[in-house]
Every structure is written in structure tokens, then in C-alpha cells.
Amino acid sequence: MASTGCRICGGRLEELVDLGAMPPANWLLDVPDFEQERYPLALDHCSACANLQLRYCLPADVLYGHYFYVTPTSSSLDRHYRWLLDVLFERGYAGPRSAVIEVGSNRGAFLKAISPHVGSVLGVDPAANIVEVARKDGVDTVCDFFDADSAKRIAEARGTADLIVARHCFAHNEWPQRMLEGAAALLSPNGVLVIENNYAAQMVRDVEFDQIYHEHMFYYSLSSLSAMLERNGFRAIDVEVAAVHGGSIVCFAVPTNSERKAHERVAALLETEKKQLSPEALERFAKRTYAIRDELRTVVSGIRDDGRRVAAYGATAKGATLMNFCGFTDAEVFACADSTPIKEGRYIPGTGIQIVAESTLLQDPPDFFLLTAWNYKTELIAKARSAGAAEVEFIVPIPNVEIVR
Ligand code: JHZ
Ligand code: ZN
């Protein structure tokens, strides 16, 4: 449904970018189908609370009925989990007896990392096929959307939580306030809620227009997160910016009447964001978005005219946006390498581009990889080189179109 006002503060919205109509990024197909349903993808901005939100939101059951994002095995993700654990324990947000609940826990990778150091862990995730993967791997997981009802059920059955972690899921809900109602029902009085999401300030700076897809209904800054928290019985007491997923904000929040004091990092980042999300910065983001699209089209068609071949690397949600926005089909990008077994053989929506096992394309590499998983750039280039793909060149789409040899 199209929104008429800011879903955080009710303020007036202005258009930031319009990427056109496209199918949801994670609707991977069994057969190529160019007639697949497309939905408008446009991002609006509220200057009152610095919120960036999607204009049209699809219902959750449509987006997550059958879901293909499985957290990959990645050294940079492992490093991020270790860093987050250090922050949580050093600053007293978690301890050896903590009851930890992760919302949007996917296959349970983070819970497995924290579990040896705390009292108990439990995952909550709405994607039935992925919950099955987590349970098989020994991670206790409730299959549900997280809101006040499911949170009350969990609190009754298992008690309250000392730490609730919500990584990359507050953006995925048209009404994230409902997740805060859930957190309020489940968190112990001295508990801490950790919200991690793509960071709007970094997205704007590095022109990460491909972070825009139907699953991402919000693009958070500390300013917009604080506005939402404060309207819903919470306040931010600490914040960090991490490199993961192209720049993520990690916000530590507590119930309004908690005794925990706010660290000065909070006020400092709020101040910095005024410049990072200024009207000039937003205007530059919009202009560069269209310019990068044009440049990518020129680079890829030049390669094709030379008789050389391009494959994508990483069947990411970002890649679906990028290729649909650029209008790339299997004529421009003949395949896409990916390590996720359930993605293999399927097609990227709207493009006719088939996903091929990573190992297959690394053994028989194309002339160029369009790096659609640019957030794993160093890791993937090293992986390709060590698999013997010495000649393949990489087209890095953002922040500037760049060829890495
Ligand atoms: P990756 C997802 O976005 C979707 P995506 C979601 N909406 C979200 O919010 C963010 O994550 C956080 C592959 N790969 O993580 C695996 C390799 O092939 O950038 C993945 O399909 N080899 C929940 O989809 C993809 O790349 C490798 O060595 O943009 C990466 O997807 C590695 C490390 C990854 O997320
Ligand atoms: Zn607003």
C-alpha cells in the first residue's frame, strides 16, 4: 500500500528516488518469467525525523511466504559477530547468565556464536523453510512474526529476555512499532534491545541505491531510530557503526524508565548525521544513483561489443534491484554465481539470469564478474583468485563504477 505520510512521525514526505517497477528481490523463480508481477519501488524522505521509507509496501506474507535468503558462511560475518559479542560483554549489555532472544534469526548463525557465552538462546523467525534449517542445526527457534502477541506467548512459556537482538529486520516490517511492542512485552526491566540495520548515512554517502528493495521498507539513521524508539517507550543509550552489509547502524536501546545511562556517542552521532543526511547529501545520492545506472549500462554493453562475457557474483537482493534498474537480462549478464544451495538453478526475478553454483563459475570463470555482492568484495576477490580464476576482472558498481583487475 502507498503511504501518505511518514510511518514514524506522520510528517510530510518528499520523493528521493524512483527505481521503477520490479518484482520483489527474493522471489527467485524456477523458470525464467518476464511476465512476473512488478511493484513500484520508490523511496521517500521525511525531513521532520530524517526517516527514509519505501512508498509502497507489500504484505509480509507475500514477501516471506517462501524465502531464499540464508545467511551465508562468511569470514567477514564471523568477524562482525565476534566484534558485536565483545561490545555486548565489555559494556555490560550481556553476561554469562543472560537469556538471549534473536528476532529474525534466520538459520541461527549469530545465536550459535553467542550461545557458549550466555545462559540461554532462542530464535524467532517467520520463514518456515529457514526455521527448519536452524532447528536441524540445533538452534531452538520459534516460527512466528515478532509482535506483542507472539512475544507474550514466548514470555509466558520461557520467561523474559535480558537481551533481544534484532539484526536487519526492523527495516523489513511496514509497522516496526509492532516489533517494539513485542520487545516491550518480552524484555526484562534491566534488559537491552539491540537493533542493527543498514545505515542510511552510509547508504547515502556510498550511493548504495541497490539496498532499495521491497523487503527494506525503512532506511534507518540514529535520528529516525531514536524518533521511533522514543514514541514507543524506549530510548537509545549507545550506538556503533559497523562495516557489515555496506555499513550498518547498531543501536542499543532500553525501556524509557531503565536506570542505564546514555553514552555520549549517541549525542555525537545525532550531530554528525545532520550533515550526512542534509538536503545536499540526499540530492547528490539521487543524482549519482541515475548516473551509476547509466555508467554501468555503458560499461557492460562495451564489454559485450568486445565479445567478452559478464556474469554476476552474488545472487543478492541488491543484485536483483541493480540488474532490474539497469535493465540487464541474460543477454548482458549470462549467469550469476552464488554459494547458497537453495538458490542454485533458480532465476533472478525480472531478468532471466540463472543462478549457478559458485564453484562452477570459479572453475570456468567469465571475463568479468559484476560484483552484486560488493559488500563481500575483498572476500570474494580473494576466493576467486585462490580458486585459480587469475584473469577474471571485477566490475564494482558502487560508490563509483570501477574495474578491479
Ligand atoms: P548478502 C540480504 O540481502 C537480504 P542480500 C535481507 N533482506 C537483508 O536485509 C540483508 O541480507 C541484510 C553469496 N555469497 O548477504 C551468498 C557467495 O556466493 O549480501 C548470498 O546469496 N559466496 C535479509 O541478499 C550473497 O552472496 C560467498 O563467499 O543483498 C550475499 O548476500 C559469500 C560470502 C556470499 O545479502
Ligand atoms: Zn518522519
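Counting starts at 1 for both ligands and their atoms, in listed order. Just so we're clear, the structure is a prediction, and the values are computed from it rather than from any experiment.
Taking only nitrogen or oxygen atoms, main chain and side chain alike, Asp338 reaches within less than 3.5 Å of ligand 1. Not one N or O of Thr316 is nearer than 3.5 Å to an N or O of ligand 1, by distance alone. The shortest N or O to N or O distance between Asn26 and ligand 1 is not under 3.5 Å. Close N/O approach between Ala317 and ligand 1 is found [any backbone or side-chain N/O within under 3.5 Å]. By the 3.5 Å distance cut-off applied to N or O atoms, His168 is not counted among the residues near ligand 1.
Taking every heavy atom of Leu380 and a limit of under 4.0 angstrom, the matching atoms of ligand 1 come to 22 (N), 27 (C), 28 (O), 32 (C). Within ligand 1, the atoms closer than 4.0 Å to a non-hydrogen atom of Glu358 are 17 (C), 18 (O), 22 (N), 27 (C), 28 (O), numbered from 1 in the order shown.
Contact annotation: His172 has at least one heavy atom less than 4.0 Å from an atom of ligand 1. Ligand 1 is approached by Lys343 to a heavy-atom distance shorter than 4.0 Å.
Closest to atom 35 (O) of ligand 1 among all protein heavy atoms lies Tyr69 CE1, 3.6 Å. What sits closest to atom 18 (O) of ligand 1 on the protein, heavy atoms only, is Ser339 N, 2.8 Å.
Annotation: side chain of Pro399 is not in contact with side chain of Arg205 (no heavy-atom distance under 4.5 Å).
Comparing His245, Lys318, Gln211 against atom 19 (O) of ligand 1, the shortest heavy-atom distance belongs to Lys318.
Residue pairs meeting the side-chain hydrogen bond (donor to acceptor under 3.5 Å, both in side chains) criterion with at least one member in residues 239-255, sequence neighbours excluded, are Arg91-Glu240.
Counting heavy atoms closer than 4.0 Å to ligand 1, residue Thr340 contributes side-chain atoms (C-beta onward) but none from N, CA, C or O.
In this structure, the separation between CG on Asp147 and CG on Asn173 is 8.5 Å, given to the nearest 0.5 Å.
Within the protein, the number of N/O/S atoms found under 2.8 Å from the Zn ion (ligand 2) is 4.
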